[in-house]
S.K.: 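Take a look at this one; I'll ask things after.
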Amino acid sequence: MKAVSKLLHLMPPSTLSCSHRYSSSLQETSSLLNDFANFCYHRDLPRAMHALDAMEKHGVYADATTYSNLIKCCLAHKAVREGKHLHRHVFSNGYAPKTFLINSFLNMYVKFSLLEEAEKLFDEMPERNVVSWTTMISAYSNAKLKDRAMRFLVLMVREGVMPNMYTFSSVLRACERLYDIKQLHCSIVKVGLESDVFVRSALIDVYSKLGELLEAMNVFREMVTGDSVVWTSIIAAFAQHSDGDEALDLYKNMRRVGFPADQSTLTSVLRACTSLSLLELGRQVHVHVMKFDQDLILNNALLDMYCKCGSLEDAKFIFNRMAEKDVISWSTMIAGLAQNGFSMEALNLFDSMKVRGPKPNHITILGVLFACSHAGLVDEGWYYFRSMKTLCGIDPGREHYGCMLDLLGRAGKLDDMVKLIHEIEYEPDIVTWRTLLDACRTHRNVDLAAFAAKEIQKLDPHDIGAYVLLSNIYANSKRWSDVAEVRRAMRTRGLRKEPGCSWIEVNKKIHAFIMGDKSHPQIDEINSQLNQFICRLISAGYVPDTNFVLQDLEGEQREDSLRNHSEKLAIVFGIMSFPRDKTIRIWKNLRICGDCHIFAKLMAKLEQRHIVIRDPIRYHHFKDGVCSCGDYW
DNA sequence: TTAGGGTTAG
């Protein structure tokens with residue numbers, strides 16, 4: 001009796017008034033409904049849809065919770081057709097579903113990326129509550145329709161519907177202007193929703209995306225109830241803005257207060273290790289990564305860490321055993337090989353990718369052009385550049401032109417460079433002129449260098465790089481009066497050259513060596529060892545290459561100046577600190593100079609060491625007296 | 001019935 005009254009209650013008014021249409025008994029329909037509810041509850045989609053057909057024949061309707069279960073089932077099975085069928089069923093015969101059931105359909109269309117259907121349904125809703133509005137706002141945020149998301153927030157408030165924590169955390173993701181974020185932040189505090197962990201992580205995320213790390217940190221510091229996603233958000237914020245130290249400190253604190261790290265946390269921690277070249281710490285993180293063996297993003301981060309820390313064997317091992325590889329995995333490996341001096345391997349891998357990998361994207365092509373550029377493969381570079389549109393469907397962008405200019409510049413084809421600059425549809429930017437200037441330094445074209453430097457100064461009078469490069473070029477040509485003039489111009493504008501600095505990790509501690517700085521506690525011993533090594537190298541034929549000395553110095557003074565280069569100190573410190581079988585890994589802020597490059601090759605041979613130096617552009621693996629860059633950098 | 005953090009280059 002109870003089932004019958006329930007059924008009558010659920011029948012749409014229109015069908016109740018014409019009950020003669022039913023040919024089955026109430027008992028039959030009751031059992032039909034029970035079966036249907038059961039199938040929906042157990043997410044048995046085929047049987048539920050079958051039961052739905054039977055119900056349609058009998059004009060029977062279930063309760064909203066049962067339909068909602070079936071919608072979830074359609075979502076889980078990605079069953080779009082069945083979802084639409086259900087929608088038609090529920091709205092048939094004048095049945096008026098409750099708002100919360102319509103919201104479920106709205107959510108279903110959004111999850112199926114059928115935004116037009118969702119919009120149509122939303123427009124037809126007799127009444128819309130906070131969930132209806134938030135579902136649409138979230139859909140627009142995800143679809144990057146940011147203006148629409150913001151406009152819907154305004155509209156809902158105008159209609160008297162108050163946003164909740166779901167709404168704020170969704171709409172924040174659509175915010176691109178600091179002003180809007182501040183306004184929303186203000187509203188959030190006013191209605192007392194700032195302690196919601198979803199809202200907090202969204203705030204940290206949007207502040208971070210705009211580079212407002214102080215604001216992000218303030219939001220994080222106000223957290224009373226801990227939450228691992230909020231922790232991960234702030235760690236990611238610093239990792240993404242190259243503040244690896246702060247990211248790692250936060251990670252240590254997170255663990256100290258008892259929050260476990262998951263895939264997302266570890267991905268950001270690896271990124272921090274990568275930015276600091278902390279291979280040993282990266283290896284320790286790798287142990288934790290094992291728990292999340294199948295996570296593609298995490299594996300990609302691990303792969304990148306090994307590439308950027310110059311450990312190609314580990315990188316290849318990870319790449320080969322990854323069960324799933326996407327375009328990022330392939331691009332990372334190709335660029336990693338290229339940056340570490342294995343250009344041919346990089347190009348071979350690109351060929352394999354075309355056969356059995358995902359479709360290359362514009363970043364993959366950058367790695368390929370980088371490989372050509374750093375191996376002097378001019379013809380191959382032109383081939384990939386000219387055919388990228390037909391091979392991969394990608395139009396060359398500014399960065400691709402930049403790579404080609406770099407390739408021509410390294411190969412000494414300065415005329416072709418100038419020709420290409422005229423061909424590019426974009427206005428030449430600072431990077432373009434700096435590439436030309438750099439090529440002029442390598443290939444000693446003083447006049448063209450002066451022209452490029454002036455172009456840079458026109459675009460940015462405070463660009464210190466142009467002054468330094470021009471000064472280097474004049475110094476290489478022994479035009480000391482021109483050097484003095486450039487230096488004077490730098491002084492007038494208050495510009496100072498960034499001092500060369502090299503870092504090395506020994507016993508989990510980072511040691512920094514700055515040119516001319518004597519503050520390292522073992523500096524006397526290092527200098528003494530360095531002098532002994534230089535004497536041994538000179539007797540073996542080493543001639544210091546004083547072309548890299550910038551000051552107007554003579555004879556021995558010029559050689560002394562070279563001795564102070566930070567990477568030489570770091571190499572000697574590495575030799576003093578590590579056993580022979582341990583790779584010496586150094587990273588530095590400026591490009592390695594020619595003399596230090598020769599010194600590193602000879603030291604690798606003399607001491608039978610493997611030395612890896614990472615500069616801002618690429619890596620040099622020194623072994624047996626040769627470098628992986630083939631002296632071409 | 002509505003919301004969260006992570007990967008390649010530059």
Side-chain angles (χ1 to χ4, degrees), chain A residues 64-65 67-69 71-72 75 97-108 110-111 128-139 141-142 156 163-174 193 196-206 208 227-237 239-240 247 261-272 274 289 292 295-305 307-308 322 325-336 338-339 360-370 397-400 402-403 429 431 616-617:
Chain A
T65 311
Y67 286 130
S68 168
N69 277 338
I71 293 173
K72 282 184 200 159
L75 278 168
K98 291 174 182 167
T99 305
F100 108 83
L101 182 55
I102 309 180
N103 283 342
S104 294
F105 280 108
L106 205 57
N107 180 47
M108 179 190 80
V110 166
K111 294 272 160 58
R128 306 172 188 110
N129 62 15
V130 61
V131 177
S132 330
W133 284 99
T134 302
T135 303
M136 293 311 293
I137 289 173
S138 167
S141 288
N142 287 336
M156 78 181 274
N164 63 12
M165 59 276 255
Y166 289 82
T167 324
F168 281 119
S169 63
S170 296
V171 82
L172 274 169
R173 280 181 292 126
L193 287 174
D196 179 81
V197 287
F198 284 76
V199 172
R200 195 181 294 283
S201 60
L203 276 169
I204 291 173
D205 198 36
V206 283
S208 156
D227 177 78
S228 64
V229 176
V230 176
W231 274 102
T232 301
S233 301
I234 194 71
I235 291 169
Q240 284 160 359
D262 68 6
Q263 294 98 313
S264 303
T265 325
L266 291 177
T267 303
S268 287
V269 171
L270 279 173
R271 186 165 171 165
T274 307
V289 169
F292 310 102
D295 191 292
L296 174 65
I297 299 179
L298 184 51
N299 272 315
N300 282 343
L302 189 63
L303 179 66
D304 189 46
M305 185 275 292
C307 284
K308 294 241 170 61
M322 277 171 75
K325 298 184 190 90
D326 65 359
V327 65
I328 296 182
S329 328
W330 286 84
S331 306
T332 304
M333 194 68 238
I334 289 170
Q339 288 166 344
N361 66 12
H362 70 287
I363 297 173
T364 323
I365 306 296
L366 288 177
V368 170
L369 295 178
F370 189 100
R398 190 184 273 283
E399 289 110 333
H400 301 103
C403 271
D429 61 0
V431 180
I617 305 289

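Everything numeric here is computed off the predicted structure, so don't read it as measured data.
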S.K.: If only side-chain N and O atoms of A/Ser169 are considered, is one of them under 4.0 Å from the OP1 or OP2 phosphate oxygen of B/dG4?
M.R.: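 So the side-chain polar atoms of A/Ser169 never come under 4.0 Å of the phosphate oxygens OP1 or OP2 of B/dG4.
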S.K.: Does A/Gln339 place a side-chain N or O at less than 4.0 Å from the phosphate oxygens OP1/OP2 of B/dT8?
M.R.: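 So the side-chain polar atoms of A/Gln339 never come under 4.0 Å of the phosphate oxygens OP1 or OP2 of B/dT8.
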S.K.: Can you confirm whether A/Val131 sits close enough to A/Phe100 that some side-chain heavy atom of one is under 4.5 Å from a side-chain heavy atom of the other?
M.R.: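 The answer is no; the side chains never approach within 4.5 Å.
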S.K.: Please determine whether a side-chain nitrogen or oxygen atom of A/Lys308 lies at a distance below 4.0 Å from atom OP1 or OP2 of B/dT8.
M.R.: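 A/Lys308 to B/dT8 OP1/OP2: no side-chain N or O under 4.0 Å.
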S.K.: Categorize A/Val171 for me: base, sugar-phosphate, or nothing, with a 4.0 angstrom heavy-atom threshold over every strand shown.
M.R.: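 No contact at all - A/Val171 keeps every heavy atom at 4.0 Å or more from the nucleic acid.
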S.K.: What nucleotide, of B/dG5, B/dT2, B/dT7, holds the atom closest to the side chain of A/Thr135?
M.R.: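 So the nucleotide nearest the side chain must be B/dT2.
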S.K.: What contact category does A/Val269 fall into here, base, sugar-phosphate, or nothing, at under 4.0 angstrom with non-hydrogen atoms?
M.R.: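 Nothing: the residue A/Val269, judged by heavy atoms under 4.0 Å, touches no strand.
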S.K.: Base, sugar-phosphate alone, or nothing: which one does A/Thr332 contact when heavy atoms must sit under 4.0 Å apart?
M.R.: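 Since only primed, P, OP1 and OP2 atoms lie under 4.0 Å of A/Thr332, the category is sugar-phosphate.
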S.K.: Check this one for me: any side-chain N or O of A/Gln263 less than 4.0 Å away from OP1 or OP2 of B/dG5?
M.R.: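 The answer is no; no side-chain N or O of A/Gln263 sits under 4.0 Å from OP1 or OP2.
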S.K.: Would you mind reading off the distance between A/Ile297 atom CD1 and B/dG6 atom C1', rounded to a whole angstrom?
M.R.: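 Atom CD1 in A/Ile297 sits about 6 Å away from atom C1' in B/dG6.
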S.K.: Please tell me which of the listed nucleotides, B/dT1, B/dG5, B/dG4, lies nearest to the side chain of A/Thr265?
M.R.: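 Looking only at heavy atoms from C-beta outward on A/Thr265, the closest nucleotide is B/dG5.
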S.K.: Is the shortest distance from a Lys or Arg side-chain nitrogen in A/Arg398 or A/Asp429 to a carboxylate oxygen in the other one below 4.0 Å?
M.R.: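 Judged by the 4.0 Å cut-off on N to carboxylate O distance, A/Arg398 and A/Asp429 do form a salt bridge.
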S.K.: Tell me whether the side-chain N/O atoms of A/Lys111 come closer than 4.0 Å to OP1 or OP2 in B/dA3.
M.R.: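 Answer yes for this pair, as a side-chain N or O of A/Lys111 is under 4.0 Å from OP1 or OP2.
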S.K.: Show the nearest heavy-atom pair for residues A/Ala247 and A/Ala272, with the distance to one decimal.
M.R.: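 Looking at all heavy atoms of both residues, the closest pair is CB-CB, 3.9 Å.
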S.K.: Base, sugar-phosphate alone, or nothing: which one does A/Asp262 contact when heavy atoms must sit under 4.0 Å apart?
M.R.: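 Since a base atom lies under 4.0 Å of A/Asp262, the category is base.
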S.K.: What nucleotide, of B/dT1, B/dG5, B/dT7, holds the atom closest to the side chain of A/Ala301?
M.R.: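 Out of B/dT1, B/dG5, B/dT7, the nucleotide with an atom closest to A/Ala301's side chain is B/dT7.
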S.K.: What I'd like to find out is whether the side chain of A/Thr265 reaches to under 4.5 Å of the side chain of A/Trp231, using heavy atoms alone.
M.R.: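 Answer no - side chains too far apart.
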S.K.: At 4.0 Å (heavy atoms only), tell me whether A/Thr364 reaches a base, stays on the sugar-phosphate, or touches nothing.
M.R.: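 Since no nucleic acid heavy atom lies under 4.0 Å of A/Thr364, the category is nothing.
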S.K.: Applying a 4.0 Å non-hydrogen cut-off, can you work out what A/Arg398 is touching in the nucleic acid: base, sugar-phosphate, or nothing?
M.R.: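 No contact.
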S.K.: Rounding to an integer number of Å, can you tell me how far A/Met305 CE sits from B/dT8 C1'?
M.R.: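 Distance check: A/Met305 CE to B/dT8 C1' gives 15 Å.
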